[in-house]
Amino acid sequence: MNSSQYPVDGERLWRTLAELAEIGATPAGGVARVALTDVDRAGRDQFVACVQELGCTVHVDQMGNLFARREGTDAQRAPVVIGSHLDSQPTGGKYDGAYGVMVGLEVLRVLHDSDVSTAAPVEVVSWTNEEGARFPPAMIGSGVFAGAFSLDEGLAAPGVDGTTLGDELARIGYAGDEPCGAPDGAGRRPVGCYVEPHIEQGPILEAVGVTLGAVTGVQGIRWYDVSIEGQSAHAGSTPMEHRCDAMVAAARLVCEADEIAGRRAPEGRATVGTLAVGTGSRNTVAGSVNLTVDLRHPDATELEAMHDELLAFADGLNFGPEESSAASSDVSQHSGRSLPRPQITPIWYSPPIVFDQAVIEALRSGAVAAGFEPVDITSGAGHDACYVSQVAPTGMLFIPCADGLSHNEAESILPEHATAGAQATLNAVLTLAG
């Protein structure tokens, strides 16, 4: 039973989500609202118009991070900030990121309609370029805010289309002049605490039949680029024992990555998301292969062990002690054949994140007051909350998505789940903001 004093308007929230989804709508039912395109600008403009109708002030920092502020009664209190992102994947869903910002908007609307005064200000933020689809890396707006990247690095981020992030911010009119970052004496924005409502992007909540998940943290991530240099040869005239096949080495590495995660089920994750063959001919032994590896685990020690096992396997292709002496050469001998050794370059490490206990408890209590028993859950995906947690107490709240599907035009949620998450968030914000 919902015992919340100030109920959210679930129908209004659902309409707002639908109206936003019209901006960048795709024929397959998703959205293409890629960062800093004209479509992204239209989504930002719509959000700004909505919050200005509520009397909120709008602030844009140098990274284009967009803040809507409702003042509190205590000028000394730092704001409670709610948010996520409005940009999407090129073939994205309607709720990834957008749900968190629209929940923030609904919170502002309820506070306004009910004439509720909070001690702390309440802000809603849309972070720039969370997806990283156009301007790698991902989460760069919140990353600059938290000090993980410099402002110069953020603005110079190259687009896959030959543009730069800073130039496109200026082009669409969202290159703000407010300093980007947490307070350091230079007038940057304070954050009392940060709450990010989000779809789960995984199948766990739906599988156990639970409506809300209190996110306790985010698993660690390690990314690698892998290059394998073998020798091109004729597929018909080259005997197997005379080959140095880069594809065979790649196949063994892909299987080993899968097994590394499998040995740590259910928490371990390993993904080879791209694989490119240099030769690319049906009747030629692969001379080179390039691929990527993504390893994840919520425990830093386990993730480090996964890292070590991946590198050790590549060093000797895991052919056993009798063949490990080949590790000093460029190839490993196996069953009389030469296999090229994968060269693995670590390119990114995001350590496991543990969210703030007080914010998590506020979200749990907010869910209970809304009539739901939340479960604790660890996020398998990265979020802006990861960076913000480095500079402010942070928590997240998940709602289910159908079949755990996200980054896909078929992404789907239920209206009642959307309402439940919004109500729990509002309840938590009222607690946190006094």
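Keep in mind it's a predicted model, so treat the numbers as computed, not measured. Just so it is clear, the values below take in all heavy atoms, side chains as well, and ignore hydrogens, waters and symmetry mates.
The shortest side-chain heavy-atom distance between Arg222 and Leu303 falls under the 4.5 Å cut-off. Between Arg33 and Leu20, the closest side-chain pair of non-hydrogen atoms falls below 4.5 Å. Proximity of His297 to Leu295: side-chain heavy atoms (C-beta onward) are nowhere separated by under 4.5 Å. The side-chain heavy atoms of Val124 and Leu105, taken from C-beta on, include no pair separated by under 4.5 Å. The shortest distance between side-chain heavy atoms of Thr292 and Asp225 falls below 4.5 Å. At a threshold of 4.5 Å between non-hydrogen side-chain atoms, the residues Ile399 and Thr211 do not count as touching. Between Thr128 and Tyr174, every side-chain heavy-atom pair lies at or beyond the 4.5 Å cut-off. Side-chain contact between Val125 and Tyr194: present, with at least one pair of heavy atoms (C-beta onward) separated by less than 4.5 Å.
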_Arg109 vs Thr16, test: side-chain contact (heavy atoms from CB on, under 4.5 Å). Steps then yes/no._
CA-CA 12 Å; Arg109 283 172 166 167; Thr16 303; 2.9 Å; yes
*Go through the steps for Val359 and Thr394 under the test side-chain contact (heavy atoms from CB on, under 4.5 Å), then give the verdict.*
CA-CA 6 Å; Val359 178; Thr394 294; 6.0 Å; no
*Test Val34 against Val39 for side-chain contact (heavy atoms from CB on, under 4.5 Å), laying out the working first.*
CA-CA 7 Å; Val34 177; Val39 180; over 6 Å; no
*Go through Arg263 and Glu256 one step at a time and tell me if the salt bridge (Lys or Arg N to Asp or Glu O under 4.0 Å) criterion holds.*
CA-CA 10 Å; Arg263 291 193 287 269; Glu256 177 62 16; 3.2 Å; yes
*Report the C-alpha distance between Ile413 and Glu200 in whole Å, list the side-chain angles of each, state the deciding distance to 0.1 Å, and finish with yes or no for side-chain contact (heavy atoms from CB on, under 4.5 Å).*
CA-CA 10 Å; Ile413 64 174; Glu200 182 193 347; over 6 Å; no
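Here the straight-line distance linking atom CZ of Arg252 with atom CD of Glu259 works out to 11.0 Å at 0.5 Å rounding. Remark: Thr274 OG1 to Leu291 CG distance equals 6.5 Å, nearest 0.5 Å. To the nearest 0.5 Å, the span separating CG on Leu13 from CE on Met102 amounts to 9.0 Å. Note that CD of Glu411 is 10.5 Å distant from OG1 of Thr91, once rounded to the nearest 0.5 Å. Interatomic distance, OG of Ser227 versus CZ of Arg341, reported as 12.5 Å (0.5 Å rounding). Expressed to the nearest 0.5 Å, how far OG1 of Thr164 lies from CG of Leu155 amounts to 8.0 Å.
Of the possible donor and acceptor atoms, none in the side chain of Ser365 sits under 3.5 Å from a partner among the backbone N and O of Ala362. Between the side chain of Glu196 and the backbone N or O of Met396 there is no donor-acceptor pair closer than 3.5 Å. Although no hydrogens or angles enter the test, the distance criterion places no donor-acceptor pair under 3.5 Å between the side chain of Asp40 and the main chain of Ala35. No donor-acceptor pair closer than 3.5 Å links the side chain of Glu123 to the backbone N or O of Pro79. Of the possible donor and acceptor atoms, one in the side chain of Glu106 sits under 3.5 Å from a partner among the backbone N and O of Asp9. With hydrogens and angles ignored, the 3.5 Å screen pairs a side-chain donor or acceptor of Arg243 with a backbone N or O of Thr238. Within the 3.5 Å criterion, the main-chain N or O of Ala410 finds a donor-acceptor partner in the side chain of Asn408.
Aromatic rings from Phe145 and Trp127 are positioned such that their centres are separated by under 6.0 Å.
When all heavy atoms are compared, the tightest approach of Ala370 to Gln423 is CB-CG, 3.7 Å. The nearest pair of heavy atoms linking Pro197 to Gly83 is CD-O, 4.0 Å. Heavy atoms only, all atoms of each residue included: Pro340 and Ala249 are closest at O-CB, 3.4 Å. The two residues Pro90 and Ala32 have their closest heavy-atom pair at O-CB, 3.1 Å. Nearest heavy atom pair, residue Ala424 against residue Leu397, reads CB-CD2, 3.8 Å. The minimum heavy-atom distance linking Val31 with Ile23 is given by the pair CG1-O, 4.3 Å.
Screening Arg296, Arg264, Arg269 against Glu302 for a salt bridge (Lys or Arg N to Asp or Glu O under 4.0 Å) leaves a single residue, Arg264. Test Trp223, Tyr349, Tyr224 against His307 for ring-ring contact (aromatic ring centres under 6.0 Å, His included) and you get one pass: Tyr224. Here the options are Ser126, Ser84, Ser142, the test is side-chain hydrogen bond (donor to acceptor under 3.5 Å, both in side chains), and the partner is Asp384; only Ser142 passes.
Within a 6.0 Å sphere centred on CD of Gln390, other residues, nucleotides and ligands contribute more than 12 heavy atoms.
Side-chain contact annotation: His198 with Asp96, donor-acceptor N/O pair under 3.5 Å present. With hydrogens and angles left out, the side-chain atoms of Asp87 and His85 include a donor and acceptor closer than 3.5 Å.
Looking at residues two or more places apart in sequence or on another chain, you find a side-chain contact (heavy atoms from CB on, under 4.5 Å) between Ser281 and Thr279, Asn283, Thr284. Taking the side-chain contact (heavy atoms from CB on, under 4.5 Å) definition, one finds that Thr163 meets it with Arg134, Phe135, Asp161, Glu168, sequence neighbours left out. Shown here are the side-chain contact (heavy atoms from CB on, under 4.5 Å) partners of Asp376, two or more places apart in sequence or in another chain: Ala214, Thr216, Arg364.
Taking the charged nitrogens against the carboxylate oxygens, Asp167 and Arg171 have no contact shorter than 4.0 Å, which rules out a salt bridge.
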